[in-house]
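The block underneath contains the structure these notes are about, expressed in structure tokens.
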Number of protein chains: 2
Amino acid sequence: MSFTELANARLETIGFRSTAPRRAVLRAIESASAPFTVEELLESLPGVGRATVFRTVKLLHELDLLCRVPLEDGSIRYQLSEGEHHHHLVCRRCGQFTEFTDLELDARIQEQARAHGFTLEGHAVELYGVCRSCAAGGL
Amino acid sequence: MSFTELANARLETIGFRSTAPRRAVLRAIESASAPFTVEELLESLPGVGRATVFRTVKLLHELDLLCRVPLEDGSIRYQLSEGEHHHHLVCRRCGQFTEFTDLELDARIQEQARAHGFTLEGHAVELYGVCRSCAAGGL
DNA sequence: ATTTATGCAAAATCTTTGCATCAAC
DNA sequence: GTTGATGCAAAGATTTTGCATAAAT
């Protein structure tokens, strides 16, 4: 089942309507080859209104279907979420994100929260650097 | 030595001038009781121009004298940096940040980068939840 | 038929920039 | 006296909102 179908089904289940613009946004997200800004998504969807794209992105992010990654310069990019909780390696060169999960890392984070009497409800980890292929040949 | 003095000295060393508006911004940052947005900082400095506040914040952030913390809602808050590399516990209730360092956590991150052939150049870790005092009595 | 979603354009944010003036060195 | 910093207001960039219309259920 594709992301578009899956997300669409999920939306319908919760009571949202399956509309043509919504599906267009889902397809655009699915076919994105790299993490995108809302602006870029907007450009790839000339037929869909600004507000609709923003509203859909917000919706998908709230439903955890889309992950939002803050870059070092303060800008925000989105990427289709691969599912569960994960972290990102963000390449400064090509801009690609690589997802990873690390239970030990999460445990360490949980431990820090505990040590500070902090009730942990969420966390974000982003690594910035240069990915293997960029380091190798650059592109 | 206070933050204001320290930051001022640091700026002068690098060749920036010590000006009244700049010092006013430094003092406002030093006396902030909680992480602030640029807008809040602006409001606390009615005599200083918008542009100057933005320029100063950017400058201090680049010099690592100020840390920039992205909140879950996408907004950005700043806090005087306690110095070296660290991470944050962000309380969703009161908005206070607690800094912590964790070498083991950093090592784990380095290890993940290595495992992915990624040249690590920086990373950010934010924990979100409820701090001890908010969980206890609220405030 | 209802009710939700859309599209537009306007408004609200948030941040940067150009430029004349001013202050620091 | 040079050069860098400031303040203003204007321009950009980014996101949200109001509202009439259109589409989904």
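A note on names: the letters A, B, ... follow the listed sequences, proteins ahead of strands, and every chain is numbered from 1. Both backbone and side-chain heavy atoms feed into the values below; hydrogens, waters and symmetry mates do not. Given the structure is predicted, the values throughout are model-derived calculations rather than measurements.
- Residue B:Gly47 is in sugar-phosphate contact alone, with no base atom involved, counting any heavy-atom pair closer than 4.0 Å across all strands shown.
- Atom CG in A:Leu11 sits about 15 Å away from atom P in C:dT4, given to the nearest Å.
- Between A:Arg10 and A:Ile14, some side-chain heavy-atom pair lies under the 4.5 Å cut-off.
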Report, one pair per line, the protein and nucleotides 19-25 of chain C atoms (nitrogen or oxygen only) whose separation is under 3.5 Å.
{"unit_1": "C:dA24", "atom_1": "N3", "unit_2": "B:Arg17", "atom_2": "NH1", "d": "3.3"}
{"unit_1": "C:dC25", "atom_1": "OP1", "unit_2": "B:Glu12", "atom_2": "OE2", "d": "3.2"}
{"unit_1": "C:dC25", "atom_1": "OP1", "unit_2": "B:Ser18", "atom_2": "N", "d": "3.4"}

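- For B:Arg50, the side-chain hydrogen bond (donor to acceptor under 3.5 Å, both in side chains) partners two or more places apart in sequence, or in a different chain, are B:Glu39.
- In this structure the side chain of B:Glu121 reaches within 4.5 angstrom of the side chain of A:Val130, judged on heavy atoms.
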Under a 4.0 Å heavy-atom criterion, the protein footprint on nucleotides 10-15 of chain D, written with B, S and -, is -----B
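- OP1 or OP2 of C:dG7 lies within a sub-4.0 Å distance of a side-chain N or O belonging to A:Thr52.
- Atom P of nucleotide D:dA5 and atom CG of B:Leu45 are separated by 18 Å, given to the nearest angstrom.
- A side chain to side chain donor-acceptor pair (under 3.5 Å) with B:His123 holds for exactly one of B:Gln110, B:His85, B:Gln112; it is B:His85.
- A salt bridge links A:Arg114 with A:Glu111: the closest approach of a Lys/Arg side-chain nitrogen to an acidic carboxylate oxygen falls below 4.0 angstrom.
- Annotation for B:Glu104: atom CD does not count as buried by contact number, only 12 or fewer foreign heavy atoms lying within 6.0 Å.
- No side-chain heavy atom of B:Cys67 sits under 4.5 Å from any side-chain heavy atom of B:His61.
- Linking ILVMFWY side-chain heavy atoms closer than 4.5 Å, directly or via other members, places B:Tyr78 and B:Leu60 in a single hydrophobic cluster.
- Separating the CD atom of B:Glu40 from the C1' atom of C:dC14 is a distance of 14 Å, rounded to the nearest angstrom.
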